[in-house]
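Heads up, the thing below is written out as structure tokens.
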Amino acid sequence: MQTLFQKKNRRIKKTPWIAGLFFLLFYFFIFASPLHKELRIHLQWVIDLSDPAVMETKAAAKEILKSTHLFSLGNQPGDYFGYFNDDGNVIFVKQIEEHNDIPFRITLSDQGFIYYSGAYADLVFSDQAGEEKRTYNQPGPGFPLLTQNGNRLFIIKTDLSGLRELDVSGELLWSSDVPSWITSLSYTDNLVICGLGDGTVNLFDKQGNTISAFSVQKSTVDCIYGVSFCKQNELFAGVAGAEPQYLFVGEVKEQEKPVSYLIQLDSDFRQEVRIKFSDNGKLLFFEGERALKIFDLNSKELTAVPLLGNINSFEYADKVGSLAVISGHNNLHEIIILKPGSSFLFKDYFSGQKIFLASDENRFFFAIDGKIIRFDLVEE
Amino acid sequence: MKYRLMLYLLLFALLLTAFEWPVAKVLITATFGESRGDHFHSGIDLAGDDQEIKPISAGNVIFRYDEGVSFSSIPIGLGCFVVLEDNTGIRSLYAHILQGTIPLTKKRFEQQDTIGIIGNTGYSFGKHLHLTIIDHKEKTILNPLIVFKNENKLITDKIPPVIENLYYRNKQGELIELLDHAVLNLERIELFVRGHDMHDGVKAAVAPYELKVVHNDMKIIHIIFNALQFKDGVYCLNSCGKDFSHLYITNESFTDLMYLGKVEFVKGKNQINIMLIDFYGNSTVREVDIWAGSPL
């Protein structure tokens, strides 16, 4: 039996000069640029937040509210938060304060932020330039959580026993208690997933109805240590239990048996772990013991990137298929940039306390203590 | 009924288990079941600056969070906290711990080990330890006071609870103070009470342990703040089945007012007895005579 490939070969043998010509035309048409492109790191700019000139730049850039990026260097008094744009202009910067030993807190979104007192008070939403836009009266004490795109506002009860959602005007949309303390939360514009301390997972729809509430796996220790939603589809994942610990992946539409994959892990965390899907929904990244674990959702293959210490932050840029990871031990940190499945593109060490990492297309924004750095990954 | 029986069996089992107070000097500044604006206070608060926190019984770490060190996808009102589980399935949650004092690698705490130092982290207005006790198997949150023995008299309490005010709702929906010998042209009223308790040597007002209301020798309500159970999507008091929104009224004028239920009047004299009892047996009774219709 002949395959198509064999048939083609036979034809090529008959007319080698025509095939060669076609090959050359094809080559120069398709590969107009050199074959072996390499990803290179381009440092774009550095902002020093402690520089007084930054505040002047901020005033000049106040009207530039497009292409802004949020940053937050921690949630402790003295930590910086704010917004900057692609060009390295700071739109807004502030340091977290405290009043009568009660620290202020911050929740940031792409549209603006809520800077609130740790004591019970109304919540004020400000835009990226720090201008107060609206006030939310709270029906009870709770800490706010804005979603990254700013489309949703949740209030988490102070004892973590439930949550509610407010609309833009502050009207209560829904409220729900959960049977144990909330350990982790993830969301899309239509769904919310809560991991709980009793080892169960609760899924809520946009109206706050419980779509599904299920236990993942009986371990010696029942607890959920992290959950994540994929924005591309209705997949979710999480880390459950200890002794042993499991990775679970499931689908929202499978309400009867939502968990479709369960993999035993070698980790034994007792705190929330970082877990996140790539924007294209093909890869799942999560924290391992001194490693970043990568689960390929197509091949179901689990790989690990060994790290210096515990993960501080990681970001995956879909456009260039590259990953930046910061890990550390005490005050020493390591930043690595790699393409999953291949060798490191970049690796360096630095010392510092407050770290932030974000990405947008091929741009990475990396902050350490009072400095923000933009570097781009460019194919050359 | 089934839940109550289970609870009594559980309490009996717990009495046989030795639980130790988590701090050396016990100063209770908030009790189980108090209003927290939108939820029941699910434990007790213990004051006492810079005290070391010990486990109530040896247990494995279930969860820990240390502000500034641990990652969290949500804002944490409990501040730095640790949850342990002992070998009987009882979980103890220690919250508002001083930042940086929780051992971050320990996976088990023996009774003599230190979990951390009392702090003021999270939703907190002064250094204190919040302690919640959960029966993980029965999915029940227990009043911590019922699991501790008081053999060493760590707590002395001879102060009876105080009934501050009684209220009823009039036809316009307003809350009106109900005074003794009141004359009401109503067939029934909705009754509300505000009260508190104090412990010797502690300034903070806390919730009483028990509340009984009797109308003309008929029980209206009997609440014991002993346990919370998660049922039908809400936390309910085990003793009376009431959830937070059906027990507490919180609005701009009234905070932490307890709804006692409806009282159907008989014509003429009606007697309402309200009794508040604290955990150590001190009690206060108030009798209110009300004339339904016009007085003779």
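For the numbers below, each heavy atom of this structure counts, side chains included, while hydrogens, waters and symmetry mates do not. Keep in mind the model is a prediction, meaning the values are calculated, not measured. Convention: sequence-line order gives letters A, B, ...; per-chain numbering from 1.
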**Message:** Could you check whether any side-chain N or O of B:Asp86 sits under 3.5 Å from a backbone N or O of B:Gly89, counting only pairs where one atom can act as donor and the other as acceptor?
**Reply:** yes
**Asked** What are the two closest heavy atoms between B:Leu237 and B:Ile224, and how far apart are they?
**Response** CD2-O, 4.5 Å
**Region of B:Tyr65 that comes under 4.5 Å of a non-hydrogen atom in chain A** = side chain
**Top of B:Val234, B:Asn120, B:Val83, B:Asn60 for chain A proximity - count of heavy-atom pairs under 4.5 angstrom** = B:Val83
**Fill in**
Cut-off 4.5 Å, heavy atoms of chain B, and the answer for A:Leu185 is both
**Prompt:** Judged by atom type as modelled, is there a donor-acceptor pair below 3.5 Å linking the side chain of B:Glu34 to the main-chain atoms of B:Ala207?
**Reply:** yes
**Request:** Determine whether the aromatic ring centres of B:Phe40 and B:Tyr235 lie less than 6.0 Å apart.
**Result:** no
**Most chain A-contacting option - heavy-atom pairs closer than 4.5 Å, from B:Lys107, B:His41, B:Lys139** = B:Lys107
**Request:** Taking the side chain as every heavy atom from C-beta outward, state whether A:Phe113 and A:Thr107 have any atom pair closer than 4.5 Å.
**Result:** no
**Prompt:** Out of B:Ser73, B:Gly77, B:Gly37, which one racks up the most heavy-atom pairs below 4.5 Å with chain A?
**Reply:** B:Ser73
**Asked** Hey, would you say the B:Phe81 and B:Phe63 ring centroids sit under 6.0 Å apart?
**Response** yes
**Message:** Less than 4.5 Å to any heavy atom of chain B: does that hold for the side chain of A:Gln76, its backbone, both, or neither?
**Reply:** side chain
**A:Lys157/A:Asp177 ion pair, N-O < 4.0 Å** = yes
**Asked** In terms of heavy-atom pairs under 4.5 Å with chain B, which of A:Asp198, A:Ile156, A:Asp101 leads?
**Response** A:Asp198
**Item:** Shortest non-hydrogen contact from B:Pro75 toward A:Pro144
**Value:** CG-O, 3.5 Å
**Prompt:** Quick one: what part of A:Val227 sits under 4.5 Å from any heavy atom of chain B, side chain, backbone, both or neither?
**Reply:** neither
**Atom group of A:Asn310 that falls short of 4.5 Å from chain B, counting heavy atoms** = neither
**Request:** Examine whether an atom of A:Arg105 lies under 4.5 Å from a heavy atom of chain B, and if so say whether it belongs to the side chain, the backbone or both; otherwise answer neither.
**Result:** side chain
**Asked** A:Asn75 versus chain B, heavy atoms under 4.5 Å apart: side chain, backbone, both or neither?
**Response** side chain
**Item:** Part of A:Ile182 lying under 4.5 Å from any heavy atom of chain B
**Value:** both
**Request:** Using a strict cut-off of less than 4.0 Å between a Lys/Arg side-chain nitrogen and an Asp/Glu carboxylate oxygen, indicate whether A:Arg270 and A:Glu243 qualify as a salt bridge.
**Result:** yes
**Prompt:** Is the B:Phe279 to B:Tyr209 ring centre distance short of 6.0 Å?
**Reply:** yes
**Fill in**
Cut-off 4.5 Å, heavy atoms of chain A, and the answer for B:Ile76 is both
**Item:** Salt-bridge criterion met for A:Asp266 and A:Lys293 (N-O under 4.0 Å)
**Value:** yes
**Message:** If I measure from the heavy atoms of chain B, does A:Pro103 come under 4.5 Å with its side chain, its backbone, both, or neither?
**Reply:** neither
**Request:** Go through the atoms of A:Asn100 and report whether side chain, backbone, both or neither lie under 4.5 Å from a heavy atom of chain B.
**Result:** neither
**Asked** Tell me, side chain or backbone of B:Arg36 under 4.5 Å from chain A's heavy atoms, or both, or neither?
**Response** backbone
**Prompt:** Just checking, A:Lys276 and A:Tyr316: is the charged tip under 6.0 Å from the six-membered ring centre and within 45° of the axis?
**Reply:** no
**Message:** Does any backbone or side-chain atom of A:Thr183 lie under 4.5 Å from a heavy atom of chain B? Answer side chain, backbone, both or neither.
**Reply:** both
**Prompt:** Is the gap between the ring centers of A:Phe104 and A:Tyr115 under 6.0 Å?
**Reply:** yes
**Message:** Looking at chain A, which one of B:Leu78, B:Leu93, B:Thr132 has the largest number of heavy-atom pairs inside 4.5 Å, strictly under?
**Reply:** B:Leu78
**Asked** Between A:Gly118, A:Pro141, A:Cys223, which shows the greatest number of heavy-atom pairs under 4.5 Å with chain B?
**Response** A:Pro141
**Prompt:** Heavy-atom distance under 4.5 Å to chain B: side chain of A:Tyr187, backbone, both or neither?
**Reply:** neither
**Message:** As an exercise: rank A:Asp79, A:Val178, A:Asp268 by heavy-atom pairs under 4.5 Å with chain B and give me the winner.
**Reply:** A:Val178
